[in-house]
Amino acid sequence: MDLGDGIACEALAKGLYVIRSTELGLMRLAIPLPEGGVQHFERPMDGGPECWRATTFEDRASGFTFDEPVTAEWGVALDSLANSGR
């Protein structure tokens, strides 16, 4: 499993809820985690499941910037969250 998929797996398994936003032609997801961090993902608005990338991880004490691809297998789950009404 590559890094982007590992990040997506962790966020999808542990995420508390999802914050969706769109800006500058991007679909963005922010997934807060129980430990206090927030993992961000993004893809172009006209992209599909294969276009997701793991981007910023925010934490109270620090943060990390990623630009890691997420495979379509995990991207389908992110698309589902992006398109859900909840």
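A quick note: this is a predicted structure, and the numbers were derived from the prediction, not measured. For reference, positions follow the sequence shown, starting with 1.
Contact of the Leu78 side chain with the Pro49 side chain is not registered, since no non-hydrogen atoms from C-beta on lie closer than 4.5 Å. Counting heavy atoms from C-beta outward, Asp79 and Arg43 have side chains that approach closer than 4.5 Å. For the pair Ile19/Val38, no side-chain contact is recorded, criterion being any heavy-atom separation below 4.5 Å from C-beta on.
Under the 4.5 Å side-chain heavy-atom criterion for grouping Ile, Leu, Val, Met, Phe, Trp and Tyr, Leu81 is connected to Phe57 within one hydrophobic cluster. Cluster membership check: Leu29 does not share its hydrophobic cluster with Val76, using side-chain heavy-atom separations under 4.5 Å among Ile, Leu, Val, Met, Phe, Trp and Tyr.
Judged by distance alone, with hydrogens and angles left aside, the side-chain atoms of Thr56 form no donor-acceptor pair with the main-chain N or O of His40 at under 3.5 Å. Of the possible donor and acceptor atoms, none in the side chain of Asp5 sits under 3.5 Å from a partner among the backbone N and O of Trp74.
Shortest non-hydrogen contact noted between Ala54 and Phe41 is CA-CD2, 3.7 Å. The two residues Leu12 and Ala77 have their closest heavy-atom pair at CD1-CB, 3.6 Å. Shortest non-hydrogen contact noted between Trp52 and Ala82 is CZ2-CB, 4.0 Å.
The OG1 atom of Thr65 sits 9.5 Å away from the CD atom of Glu58 when rounded to the nearest 0.5 Å. Interatomic distance, Met45 CE to Met27 CE, rounded to the nearest 0.5 Å: 4.5 Å.
A salt bridge is absent between Glu42 and Arg53; no separation between the charged side-chain nitrogens and carboxylate oxygens falls under 4.0 Å.
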